[in-house]
Asks: 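Have a look at this one.
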Amino acid sequence: MKKALIIVDVQNDFCENGALAVPEANSIIPYINLLMEENKYEQIVLTQDWHPQNHKSFASNNGKKVGDTIILNGIPQFMWPDHCVQGSFGAEFHKDLNREKVTHIIQKGKNPEFDSYSGFQDNNHFVKTGLSDFLKYHDIELVEIVGLALDYCVKYTCLDAVKEGFITCLHFNGTKAVNLKPESAKNTIYELAKNTVTILG
């Protein structure tokens, strides 16, 4: 069975001292590097938040405060600080992430009108990123997923991987949560397990 590793958004803005830093984010990078070193993957894919400066998910572009929620194109949109702006240092992959074996990069969140947590499609399910087609073209049946953040981009990438027909595994040691609410990480793991995502230690 051919398998792929999907590494979600290990970018400077989500790591230590970033604009939207995930607690303990840097601690997962050695684990991810070890996965790539010790396992045979047919494909290793990075996803990358790649927002234009005028992205509507930014509180600054809506006259709102970080943490507010608005309705954007018919669905609730959490207001984030400016992050992962195209061409910025914050949007770059963290320097400690070993990219020697990476075969493909998927950029998401490029349309200012739609956010895109999942590596597969935007939050409105209007436009796909091409990740599913890429994996299926290479006869991938199983995907293992790591990265940032567990309760947002990793969660929705896992759920969409299942919907796209892939056997889906999450490496618990390869992800960290934003935890805007204290139970967020635990609830995410429960939801993923309920949706046939296998949780690996």
Side-chain angles (χ1 to χ4, degrees), residues 1-14 20 22 25 28-29 32-33 35-36 39-52 55 57 73 75 77 80 83-87 91-94 97-172 174-176 188 191-192 195-200:
M1 181 182 295
K2 291 186 176 181
K3 65 180 181 177
L5 180 67
I6 301 174
I7 304 171
V8 177
D9 298 0
V10 181
Q11 297 167 257
N12 290 322
D13 269 345
F14 297 126
L20 187 45
V22 178
I28 70 172
I29 298 175
I32 295 171
N33 288 341
L35 282 179
M36 291 187 280
N39 293 273
K40 167 63 177 163
Y41 296 105
E42 274 70 30
Q43 300 293 329
I44 296 177
V45 180
L46 301 181
T47 73
Q48 183 179 32
D49 250 10
W50 195 247
H51 296 311
H55 201 270
S57 72
N73 295 300
I75 64 171
Q77 173 65 56
W80 300 107
H83 65 280
C84 299
V85 173
Q86 295 175 5
E92 293 175 10
F93 297 110
H94 194 279
L97 181 68
N98 187 342
R99 287 182 281 152
E100 287 179 11
K101 295 183 179 180
V102 170
T103 56
H104 195 58
I105 296 173
I106 289 284
Q107 293 180 330
K108 59 191 181 68
K110 295 187 288 185
N111 186 324
E113 298 294 326
F114 304 100
D115 212 354
S116 187
Y117 295 152
S118 168
F120 287 91
Q121 61 185 341
D122 68 75
N123 293 359
N124 291 70
H125 302 171
F126 287 159
V127 179
K128 293 189 180 291
T129 63
L131 177 54
S132 182
D133 288 342
F134 174 81
L135 296 172
K136 288 174 181 176
Y137 176 81
H138 291 283
D139 299 320
I140 300 298
E141 296 177 72
L142 184 151
V143 295
E144 297 179 13
I145 298 173
V146 293
L148 301 167
L150 169 62
D151 38 354
Y152 284 93
C153 296
V154 169
K155 169 185 170 179
Y156 288 101
T157 299
C158 285
L159 292 173
D160 281 348
V162 172
K163 289 176 187 171
E164 292 290 338
F166 299 104
I167 300 166
T168 305
C169 302
L170 169 70
H171 284 272
F172 183 72
T175 187
K176 292 291 181 183
T188 297
E191 182 180 352
L192 293 178
N195 283 275
T196 72
V197 175
T198 300
I199 311 298
L200 304 173

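The structure presented is a predicted model; accordingly, all values stated were derived computationally and were not measured.
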Asks: Quick one: does any side-chain atom of K101 pair with a main-chain N or O of I44 as donor and acceptor, under 3.5 Å?
Replies: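 A pair under 3.5 Å: no.
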Asks: Given the rule in the side chain to side chain contact (heavy atoms under 4.5 Å, CB included) test, do N111 and F126 qualify, once you have shown the distances and angles that lead to the verdict?
Replies: CA-CA 11 Å; N111 186 324; F126 287 159; over 6 Å; no
Asks: Report yes or no: is the cationic atom of K136 (NZ for Lys, CZ for Arg) under 6.0 Å from the centre of the six-membered ring of F166, at an angle within 45° of the ring normal?
Replies: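 Pair K136/F166 counts as cation-pi.
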Asks: Is it true that a side-chain atom of T175 and a backbone atom of L148 form a donor plus acceptor pair closer than 3.5 Å?
Replies: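 Such a contact is absent between T175 side chain and L148 backbone.
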Asks: Let's go through V45 and L131 carefully: what are the C-alpha distance in whole Å and the side-chain angles of both, what is the deciding distance for side chain to side chain contact (heavy atoms under 4.5 Å, CB included) to 0.1 Å, and is it a yes or a no?
Replies: CA-CA 9 Å; V45 180; L131 177 54; 3.8 Å; yes
Asks: Counting only N and O atoms by type, is there a donor-acceptor contact under 3.5 Å from the side chain of Q11 to the main-chain atoms of C84?
Replies: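 Checking the backbone N and O of C84 against the side chain of Q11, no donor-acceptor pair under 3.5 Å is found.
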Asks: Could you tell me whether the side chain of E144 and the main chain of L5 form a donor-acceptor pair under 3.5 Å?
Replies: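 A pair under 3.5 Å: no.
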Asks: Taking the side chain as every heavy atom from C-beta outward, state whether E191 and K155 have any pair of such atoms under 4.5 Å apart.
Replies: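 Of all side-chain heavy-atom pairs linking K155 with E191, at least one is under 4.5 Å.
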Asks: Do the side chain of N124 and the main chain of N73 share a donor and acceptor less than 3.5 angstrom apart?
Replies: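 Judged by distance alone, yes, a pair lies under 3.5 Å.
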Asks: Verify the neighbour count for atom CZ of F134: are there more than 12 heavy atoms of other residues, nucleotides or ligands below 6.0 Å?
Replies: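 For F134, atom CZ is crowded (more than 12 foreign heavy atoms under 6.0 Å).
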Asks: Using atom types as modelled and distance alone, determine if a side-chain donor or acceptor of N33 lies under 3.5 Å from a backbone N or O of N98.
Replies: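 Between the backbone of N98 and the side chain of N33 there is a qualifying donor-acceptor contact (under 3.5 Å).
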Asks: Which pair of heavy atoms, one from Q86 and one from W50, lies closest together, and at what distance?
Replies: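 Taking every non-hydrogen atom into account, NE2-O, 3.0 Å.
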Asks: Give me the atom names and distance for the closest heavy-atom approach of Q48 to D9.
Replies: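 Nearest pair, atom of Q48 first, then D9: N-OD1, 3.6 Å.
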Asks: For Y156, does the OH atom sit with more than 12 other heavy atoms under 6.0 Å from it, leaving out its own atoms?
Replies: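 Count not over threshold, so no.
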Asks: Any idea which heavy atoms bring R99 and F93 closest together, and the distance?
Replies: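 For R99 and F93, the tightest heavy-atom pair comes out as NH1-CD1, 3.8 Å.
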Asks: Determine whether a donor-acceptor pair (N or O, by modelled atom type, separation under 3.5 Å) exists between the side chain of T168 and the backbone of V143.
Replies: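 Such a contact is absent between T168 side chain and V143 backbone.
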Asks: Of all the heavy-atom pairs spanning V8 and C153, show the shortest one and how long it is.
Replies: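 Scanning both residues, the minimum pair turns out to be CG1-CB, 3.7 Å.
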Asks: Is there side-chain contact between L97 and M36, with at least one heavy-atom pair below 4.5 Å?
Replies: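 L97 vs M36: side chains touch.
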Asks: Donor-acceptor check, side chain of D122 to backbone of V127, threshold 3.5 angstrom: yes or no?
Replies: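 Yes, because the side chain of D122 sits within donor-acceptor range (under 3.5 Å) of the backbone of V127.
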Asks: Looking at F120 and T157, what are the two nearest heavy atoms and their distance?
Replies: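 Heavy atoms of F120 and T157 come nearest at CE1-O, 3.4 Å.
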Asks: Looking only at atom types and distance, does a side-chain atom of H55 sit under 3.5 Å from a main-chain N or O of S57, one as donor and one as acceptor?
Replies: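 Yes, H55 side chain to S57 backbone: donor-acceptor pair under 3.5 Å.
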Asks: What is the minimum heavy-atom distance between A4 and L135, and which atoms define it?
Replies: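 Taking every non-hydrogen atom into account, CB-CD2, 3.8 Å.
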Asks: Might you work through the side chain to side chain contact (heavy atoms under 4.5 Å, CB included) test for V154 and C158, ending with a clear yes or no?
Replies: CA-CA 6 Å; V154 169; C158 285; 4.2 Å; yes
Asks: Measuring only between side-chain heavy atoms, which start at C-beta, is K128 closer than 4.5 Å to E164?
Replies: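 K128 reaches E164 side chain to side chain.
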Asks: Are the aromatic rings of H83 and F14 close, with centres under 6.0 Å apart?
Replies: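 Between F14 and H83, which both carry aromatic rings, the centre distance is below 6.0 Å.
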Asks: Return yes if some donor-acceptor pair links the side-chain N/O of H51 with the main-chain N/O of G109 below 3.5 Å, else return no.
Replies: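 Yes; at least one donor-acceptor contact below 3.5 Å.
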